[in-house]
Amino acid sequence: MSEALIPAGAVVAVAATGRQKLYRRVLKNPMAVVSLVILALVVLSAVFAGQITGWDPGRADLNDALAPPFGEHLLGADASGRDVLARLFFGARVSLIGALIALATALAIGIPTGLIAGYFQGWFDSLSSWFASLLMAMPGLIVVLALISVIGPGMVGVMVTFGALLSPGVFRLTRSGVVSVRRELYIDAAKVSGLSDYRIISRHVLGVIRAPLVIQASMIAGIAIVLQAGLEFLGVGDSSTASWGQMLSEAFSNIYVAPTMILWPGLIIGLTVGSLAIFGAALRDTVQGAEPVRRVRRRKPSSVEDTATRRLDLSTAATAAVVSPRNGGQEDLEPNDALLVVRDLQVGYPQPDGSTTIVVDGVSLHVDRGEVLGLVGESGSGKSQTAFSILGLLPDTGAIIGGSISFAGRTIASADGAAHGAAALRGRQFGYIPQEPMSNLDPSFTLGFQLVEPMRQILGLSRPAAKAKALELLDRVGIADPRRTFDAYPHEVSGGMAQRVLIAGAVACDPELLIADEPTTALDVTVQAEVLDLLRGLQRERSMGMIMVTHNFGVLADICDRVAVMQAGRLVEQADALELFDDPHNPYTRMLLSSTLENTEPRSARSAQPVSSRGTAR
Amino acid sequence: MTDVASVAEQPLLTISGLEVEFPVKGWRRAPFKALKGVSLDILPGETMGLVGESGSGKTTIGRAVLGLAPITGGSITFDGRDTTRLSRAARRALSADIQVVFQDPYTSLNPAMTIGDILAEPLLTSGIARVAARDRIRELLDLVNLPSDAADRLPREFSGGQRQRVAIARALALRPRLVVCDEPVSALDLSTQARVLDLFIDIQEKTGVAYLFVSHDLSVVRHISHRVAVMYRGEIVETGDAATVTGAPEHPYTQRLLMAAPVPHPTRQAARRSERHALLASQQVSDAARETVR
């Protein structure tokens with residue numbers, strides 16, 4: 001089921017590798033395309049400057065001095081009578097080569113050092129990180145100006161220096177990228193496969209940091225162009241060749257005589273740098289896959305139709321499939337005084353293309369007071385989504401698009417979004433126990449604070465009263481030294497302890513319904529048994545209703561009175577626990593139950609000898 | 001083991017008195033002892049199950065065998081050769097014999113490489129020609145029951161169980177004699193888990209590979225192992241035949257472990273639960289008795 005293969009036809013369409021797809025996705029982004037076209041035009045005009053314009057950028061003709069645009073000179077001429085357009089084209093060479101030198105220097109220093117520091121760490125990492133911080137703290141422009149007074153205004157030297165000053169950005173990016181991948185298991189697998197460090201870095205590490213590096217490079221190129229123009233504007237630079245900065249400077253001194261002249265170099269610098277920045281941003285959006293999905297609060301007319309057709313399909317499918325009588329009769333099972341009633345719940349996630357992915361489809365269930373309902377299924381079955389819908393904690397991108405949920409006779413959630421009762425019930429009538437205890441505790445507050453605050457907010461207790469109650473609860477959930485745990489931070493306790501603290505928090509405000517989402521999955525078996533004992537005890541003494549979301553049939557058997565089995569968003573079977581285990585009606589339930597390894601013979605009993613002793617050779 | 005052949009058989013892997021320490025951050029802090037003198041051996045073609053709770057050091061043993069953990073004492077011998085401290089080059093040469101399948105099939109495959117590239121990597125590194133590698137990849141995909149067109153696809157197009165099959169195929173590419181399996185089924189769904197376990201057994205029967213099978217789940221270890229070792233706080237507390245260790249364990253910790261695993265049936269689980277409470281009570285009594293004797 002979960003191993004169902006993607007149909008072969010779909011595979012041919014996606015035969016392209018990830019990198020090719022990235023290029024294609026970039027080319028679909030209009031911002032990226034426009035900025036790439038502008039950059040390409042700038043580069044081409046610089047390369048073919050001599051062919052495009054007939055004017056010599058250095059030829060001065062005083063007859064043409066400050067000639068207006070759109071005459072003999074398309075963009076006019078400067079104070080010495082030199083053609084502005086020709087100077088723009090030839091000036092692009094200086095700017096682009098300068099930017100290229102700075103960029104190449106920054107990458108040549110930053111990438112190798114970043115790779116070595118991130119991959120091998122140790123003393124080189126400490127030293128180079130310290131040095132990078134030092135470089136970053138230095139004021140770049142002042143260093144460059146000081147250097148020019150020593151080595152003279154040669155463009156190459158200045159841009160190399162500037163590139164070196166920008167290299168810490170590349171270094172840090174590379175290093176952090178490498179540090180994050182080197183912990184990945186596929187790097188370990190590559191080491192075990194016998195790959196050399198060089199091969200691991202070039203095949204596995206570089207691929208991951210390539211995209212962020214391209215983004216960083218576009219930024220560096222833009223900064224370099226601005227800085228170079230700035231230096232030329234200040235008059236630091238070679239005055240014999242045309243450059244954008246120099247043109248700015250000349251135009252500035254004639255600003256009252258020919259005000260339009262400053263427009264052209266300013267425009268071309270702005271366009272080039274802007275295009276570089278926009279290209280970088282567009283690339284980042286593409287890499288991160290940030291495609292905005294409009295949040296849908298209410299059903300759109302089209303999705304109503306979609307849903308209607310889908311539901312029709314499902315109902316025919318349901319009649320075609322083997323439907324256990326329990327399924328059909330589930331409305332009759334529902335008593336009038338049920339604590340929680342979920343009717344035909346449908347949860348969907350709107351997609352960018354306008355369709356809706358339905359993750360919970362027509363689920364109806366109920367929980368009585370003092371009853372434990374198990375919600376079981378494999379990953380992707382929609383069991384957690386159902387629990388989150390009840391808690392009113394669906395992510396922003398998802399919504400209840402059909403059916404309703406009512407608690408103690410009051411509708412708390414429905415498709416039209418009119419009722420939003422779940423928020424008010426959380427912490428008061430609803431207690432929630434999560435799967436990962438550690439990620440559900442704030443590491444910067446003590447456990448005691450995290451227990452006391454909700455009680456003060458919700459029950460209105462004074463600080464000492466809340467503390468007394470918290471200590472009492474910690475004692476109840478089986479923590480040996482409540483006072484010490486009360487003052488401890490989350491990282492100071494084990495996962496099992498943290499889960500006990502969260503259980504204490506969940507029952508602190510005497511909820512009527514406890515929703516536990518795989519509460520023991522992250523725990524060791526011995527701790528799991530203790531936590532289940534604790535949950536059973538609490539549930540009985542307070543006669544709470546409880547929903548236990550789990551994939552473990554052992555846990556189900558241990559604590560649940562009734563079980564609902566989910567598959568691919570739908571409820572396939574609902575029955576009393578004993579009945580379900582003894583006589584499962586649905587084929588899917590039967591398959592799941594037969595997959596448990598409980599009744600299998602141990603291997604040593606199945607085959608007395610290891611394979612090789614029986615003489616099987618490869 | 002009364003069989004003469006198996007008595008004469010040399011172990012494939014021998015671990016004796018293995019100690020692993022991880023440095024702890026902070027000035028002059030004592031290092032964390034993950035393994036405190038562990039001894040273990042695996043015969044050719046045998047599955048040695050290694051079970052224990054989180055932090056018991058079971059994963060560290062596997063990583064030490066692979067050369068991924070800092071060994072501070074003891075020795076590891078593979079096929080009569082000391083492999084405790086190997087140079088990178090010698091370790092690379094060993095990679096044809098010892099391989100690994102990790103727990104998480106989502107991070108153990110490079111997301112940017114096709115399945116074919118992932119499987120070709122160890123083959124090409126070991127100097128196999130591209131054409132021969134392609135044939136071997138087809139063979140491997142067949143061995144793990146994946147369609148041969150899978151080679152052109154990316155990991156994200158596959159489910160967890162299928163990815164784990166790819167990871168198994170990668171481990172088998174160089175025909176190793178030992179595969180370290182680090183919780184290879186614990187991230188998988190129940191039904192997938194059973195099928196992947198059967199695939200492991202099937203491959204072992206076909207190729208005669210030995211497994212060091214690390215898991216926290218006693219029922220998984222029992223299903224696949226010939227022998228089982230139980231770890232507790234960096235030490236092996238019990239070793240023996242799988243049926244014995246997972247059926248009638250001797251060490252109090254193994255007994256607790258066995259009793260804590262819930263049975264998938266309400267009535268039998270209720271019985272197991274009271275059995276467990278009785279066991280815990282009796283262990284507490286004997287602990288107390290030992291205290292008073294002292």
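To find a chain, count down the sequence lines: A is the first, B the second, and so on, and within it residues start at 1.
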Checklist line | Backbone N/O of I224(B) and side chain of R603(A): donor-acceptor pair under 3.5 Å | finding: yes
Notebook entry, point to check: Who wins among T596(A), D582(A), L556(A), L195(A) for the most heavy-atom pairs under 4.5 Å with chain B?
Noted result: L195(A)
Notebook entry, point to check: Do the non-hydrogen side-chain atoms of N110(B) and E184(A) ever get within less than 4.5 Å of each other?
Noted result: no
Next item on the list: Heavy-atom distances under 4.5 Å only: say whether T107(B) touches chain A with side chain, backbone, both or neither.
Entry: both
Next item on the list: Quick one: which of P122(B), P111(B), S225(B), G52(B) has the most heavy-atom pairs under 4.5 Å with chain A, could you say?
Entry: S225(B)
Check: For I98(B), is it the side chain, the backbone, both or neither that has a heavy atom under 4.5 Å from a heavy atom of chain A?
Finding: backbone
Check: Just wondering, do M113(B) and R203(A) contact through their side chains at under 4.5 Å, heavy atoms?
Finding: yes
Check: Between P262(B) and N552(A), what is the shortest heavy-atom contact and its length?
Finding: CG-OD1, 4.5 Å
Note to self: Strictly distance-based, threshold 3.5 Å: is any side-chain N or O of E378(A) a donor or acceptor partner for the main-chain N or O of S191(B)?
What the structure shows: yes
Notebook entry, point to check: Hey, is the main chain of S196(A) close enough, under 3.5 Å, to the side chain of R92(B) for a donor-acceptor pair?
Noted result: no
Notebook entry, point to check: Sub-3.5 Å donor-acceptor pair from the side chain of Q99(B) to the main-chain atoms of V192(A), do we have one?
Noted result: yes
Item checked: For A189(A) against S108(B), the heavy-atom pair lying closest together -> CB-O, 4.4 Å
Check: What is the distance from atom CD of E121(B) to atom OH of Y186(A), rounded to the nearest 0.5 Å?
Finding: 11.0 Å
Check: So do L197(B) and L597(A) actually touch side chain to side chain, heavy atoms under 4.5 Å?
Finding: yes
Checklist line | Residue among A96(B), A270(B), G55(B), P266(B) with most heavy-atom pairs under 4.5 Å to chain A | finding: P266(B)
Margin query: Could you report the tightest heavy-atom contact between A194(B) and S595(A), atom names first, then the distance?
Written below: CB-O, 3.9 Å
Next item on the list: Heavy-atom pairs under 4.5 Å with chain A are the metric here; pick the option from M259(B), R256(B), R63(B) that has the most.
Entry: R63(B)
Item checked: Residue list, ring-ring contact (aromatic ring centres under 6.0 Å, His included) with F200(B), at least two apart or on another chain -> Y211(B), F213(B)
Next item on the list: Calculate, to the nearest 0.5 Å, the distance between atoms NZ and CG belonging to K191(A) and L68(B) respectively.
Entry: 6.5 Å
Next item on the list: Look at G67(B), G247(B), P264(B) and state which one has the largest set of heavy-atom pairs under 4.5 Å with chain A.
Entry: P264(B)
Notebook entry, point to check: Is any side-chain heavy atom of D533(A) closer than 4.5 Å to a side-chain heavy atom of R276(B)?
Noted result: yes
Notebook entry, point to check: Side chain, backbone, both or neither: which part of H216(B) has a non-hydrogen atom closer than 4.5 Å to chain A?
Noted result: backbone
Check: Pick from L109(B), D104(B), D182(B): which one makes a side-chain contact (heavy atoms from CB on, under 4.5 Å) with L185(A)?
Finding: D104(B)
Notebook entry, point to check: So which heavy atom on V525(A) is nearest to which on A261(B), and how close?
Noted result: CG1-CA, 3.9 Å
Item checked: Toward chain A, the part of R273(B) with a non-hydrogen atom under 4.5 Å -> side chain
Margin query: Quick check on R272(B) against chain A: is it the side chain, the backbone, both or neither that has a heavy atom closer than 4.5 Å?
Written below: neither
Item checked: Side chain, backbone, both or neither of R183(A) within contact of chain B (heavy atoms, under 4.5 Å) -> neither
Item checked: Under 4.5 Å from a heavy atom of chain A, the part of V180(B) involved -> neither
Notebook entry, point to check: What are the two closest non-hydrogen atoms of S95(B) and S193(A), and how far apart are they?
Noted result: OG-O, 3.5 Å
